[in-house]
Novice: 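Can you keep this structure in mind? I'll have questions shortly.
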There are 2 protein chains.
Amino acid sequence: MRTLKYAILGLINRRPSTGYDITKEFKAELGNFWRARHSQIYPELKRLVDEGLIEYETVIAGEALEKKVYSLKDKGREELLEWLNKDEKMVPTAKDKFRLRMYFSSNIEQEHLVELLESQLEQRREKLATLKKKIDGYSEVPQFGSQEFGDYLVLESAILREAAYVEWLERSIKRCSQ
Amino acid sequence: MRTLKYAILGLINRRPSTGYDITKEFKAELGNFWRARHSQIYPELKRLVDEGLIEYETVIAGEALEKKVYSLKDKGREELLEWLNKDEKMVPTAKDKFRLRMYFSSNIEQEHLVELLESQLEQRREKLATLKKKIDGYSEVPQFGSQEFGDYLVLESAILREAAYVEWLERSIKRCSQ
DNA sequence: CACAATCATGTCAATATTTACATGATTTCT
DNA sequence: AGAAATCATGTAAATATTGACATGATTGTG
């Protein structure tokens with residue numbers, strides 16, 4: 001599988017990055033669909049260097065702070081493109097602990113269940129609002145082929161996903177109260 | 001975390017089950033939100049027995065086929081209820097390989113990108129249709145407190161999620177062609 | 001200037017998950 | 001009756017992921 005490998009190749013292809021940069025990306029937009037901690041990222045970067053897919057240059061910031069700025073080698077770009085162009089089957093499961101719990105909701109007291117649903121609803125609404133604010137920053141849909149086009153696609157995706165989640169929670173709360 | 005632990009406790013709480021039964025559940029509705037293979041399930045069942053949360057009875061089916069039918073012990077039900085009633089924070093990331101790839105879509109040829117999107121669209125539409133057929137089997141929303149209520153909630157959730165996915169793919173295809 | 005937050009890189013142990021290996025019984029279809 | 005599909009239970013090795021441990025530099029704030 002090695003999805004992290006390709007996620008990292010993709011990010012480095014966007015722009016030369018340090019492990020720290022990559023860690024940050026996973027906390028930003030992209031983090032809605034893939035995430036990894038630095039403890040997974042640094043070893044993977046080392047491995048990709050060993051495999052000859054990426055290389056790095058050590059840069060000194062300030063007096064002594066060493067940064068390793070990674071960039072793609074030809075082989076890395078090749079493998080990235082191969083992965084991107086593959087027509088993979090849809091993945092059957094996007095794990096969701098909360099929905100799993102709702103499968104067993106008959107064991108929760110009605111009042112408390114509504115509280116749990118409302119707590120999720122609040123968080124999801126907030127998230128949705130944040131995402132919407134971000135998409136409002138685009139005056140128009142970015143040009144196809146630009147990096148921003150990808151940003152825009154996944155942002156829209158995140159918004160639709162959150163909106164559906166909110167819709168589900170709202171409905172579920174209603175269902176509980178009937 | 002041990003989500004699998006609680007997933008299994010929840011399933012056994014619904015009805016006494018074998019490892020094989022549990023494996024099947026993860027391939028059915030519930031599999032939309034959580035999944036585990038039998039190689040993960042059997043060791044976990046053993047562990048739960050060791051921890052005194054569940055117990056089993058060996059049943060012979062036919063001539064010689066041995067089944068282990070697991071059921072909840074008090075302590076297991078206690079821990080399940082505790083987990084179900086917790087107000088947990090929303091999980092920030094539902095991993096999605098395809099959307100991750102779309103983040104890097106600027107590296108894919110326009111024509112091929114549309115093909116990839118359409119391939120996903122077809123699969124998602126099919127999935128959505130299957131789910132809708134299932135919900136049509138309910139003549140009405142099940143009674144709150146019944147097991148079917150939980151089934152219904154997650155089924156609706158799956159439908160809304162797939163519909164949002166389909167909507168996103170359709171929009172993205174349009175965006176590519178502009 | 002002191003403190004906090006953030007930048008920056010790593011390792012290690014534990015846990016979670018997948019893939020492959022392994023075996024045998026029962027049921028269904030031809 | 002023979003074959004295929006499904007029922008049924010396990011283990012082992014490899015891979016993926018998390019959480020804790022560890023260290024030091026730089027920047028922003030009061």
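So you know, we letter chains A, B, ... as the sequences are listed, proteins then strands, and number each from 1.
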Novice: Rounded to the nearest angstrom, tell me the gap between atom NZ in Lys24(B) and atom P in dA8(D).
Specialist: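 Rounding to the nearest Å, NZ of Lys24(B) and P of dA8(D) are 7 Å apart.
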Novice: Taking for each residue the nucleotide of DNA chain D with the nearest heavy atom, is it Thr18(B) or Ala64(A) whose nucleotide lies nearer the 5' end?
Specialist: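 The residue whose closest nucleotide sits nearer the 5' end is Thr18(B).
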Novice: Kindly indicate, with the supporting measurements, whether the criterion salt bridge (charged side-chain N to carboxylate O under 4.0 Å, His left out) is fulfilled by Arg14(A) and Glu25(A).
Specialist: CA-CA 11 Å; Arg14(A) 289 190 145 215; Glu25(A) 298 265 15; 5.6 Å; no
Novice: Between atom CD1 in Ile41(A) and atom P in dC7(C), what is the gap in whole Å?
Specialist: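 Nearest whole value for this atom pair: 14 Å.
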Novice: For the pair made of OH in Tyr6(B) and P in dA16(C), what is the distance, rounded to whole Å?
Specialist: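 So the two atoms are 11 Å apart, to the nearest Å.
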Novice: Phosphate oxygens OP1/OP2 of dA16(C): is one of them under 4.0 Å from a side-chain N or O of Lys5(B)?
Specialist: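 So the side-chain polar atoms of Lys5(B) never come under 4.0 Å of the phosphate oxygens OP1 or OP2 of dA16(C).
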Novice: Take atom CD1 of Ile8(A) and atom P of dT9(C), then tell me their distance rounded to the nearest Å.
Specialist: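 After rounding, the reported distance stands at 13 Å.
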Novice: Is there a chain of hydrophobic side chains (I, L, V, M, F, W, Y, each step under 4.5 Å between heavy atoms) that links Leu4(B) to Trp83(B)?
Specialist: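 Cluster IDs for Leu4(B) and Trp83(B) match.
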Novice: Rounded to the Å, how far apart are Asp21(A) CG and dA8(C) C1'?
Specialist: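 In whole Å, dA8(C) C1' and Asp21(A) CG are 10 Å from each other.
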Novice: Classify every nucleotide of nucleotides 13-22 of chain D by which part a protein heavy atom approaches to under 4.0 Å, writing B for the base, S for the sugar-phosphate alone and - for neither, in 5'-to-3' order.
Specialist: ---SSBBB--
Novice: Go through Tyr103(B) and Phe33(A) one step at a time and tell me if the ring pair (Phe, Tyr, Trp, His ring centres under 6.0 Å) criterion holds.
Specialist: CA-CA 10 Å; Tyr103(B) 191 60; Phe33(A) 304 113; 8.8 Å; no
Novice: Are Asp21(A) and Val69(A) side-chain neighbours, meaning at least one heavy-atom pair lies under 4.5 Å?
Specialist: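 Side-chain contact under 4.5 Å: no.
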Novice: Go through it in stages, so that I can follow the logic: the residues are Glu170(A) and Arg125(A), the test is salt bridge (charged side-chain N to carboxylate O under 4.0 Å, His left out), and I'd like the CA-CA distance, side-chain angles, deciding distance and then a yes or no.
Specialist: CA-CA 11 Å; Glu170(A) 286 170 348; Arg125(A) 273 187 179 147; 2.7 Å; yes
Novice: dG10(D), dT6(C), dT26(C): which one has an atom nearest the side-chain heavy atoms of Tyr20(A)?
Specialist: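 Per side-chain heavy atoms of Tyr20(A), the pick is dT6(C).
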Novice: Verify salt bridge (charged side-chain N to carboxylate O under 4.0 Å, His left out) between Glu82(B) and Lys86(B), making sure each step is shown before the conclusion.
Specialist: CA-CA 6 Å; Glu82(B) 206 188 300; Lys86(B) 241 189 288 181; 5.8 Å; no
Novice: Could you tell me whether the phosphate oxygens of dA25(C), OP1 or OP2, come under 4.0 Å of any side-chain nitrogen or oxygen in Lys67(B)?
Specialist: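 For dA25(C), OP1/OP2 do not have a side-chain N/O of Lys67(B) under 4.0 Å.
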Novice: Testing Arg2(B), Arg37(B), Lys5(B) for salt bridge (Lys or Arg N to Asp or Glu O under 4.0 Å) with Glu44(B), which one passes?
Specialist: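 Going through Arg2(B), Arg37(B), Lys5(B) one by one, the salt bridge (Lys or Arg N to Asp or Glu O under 4.0 Å) with Glu44(B) is satisfied by Arg2(B) alone.
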Novice: Using atom CG of Leu65(B) as one end and atom P of dT23(C) as the other, report the distance to the nearest whole Å.
Specialist: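 Taking CG of Leu65(B) and P of dT23(C), I get 17 Å after rounding.
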Novice: In terms of side-chain heavy atoms of Tyr42(A), which of dA25(D), dA8(D), dG10(C) is nearest?
Specialist: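 Looking only at side-chain atoms, Tyr42(A) lies closest to dG10(C).
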Novice: Do the side-chain N or O atoms of Lys46(B) get closer than 4.0 angstrom to the phosphate oxygens (OP1, OP2) of dT11(D)?
Specialist: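 Yes, Lys46(B) has a side-chain N/O under 4.0 Å of OP1/OP2 on dT11(D).
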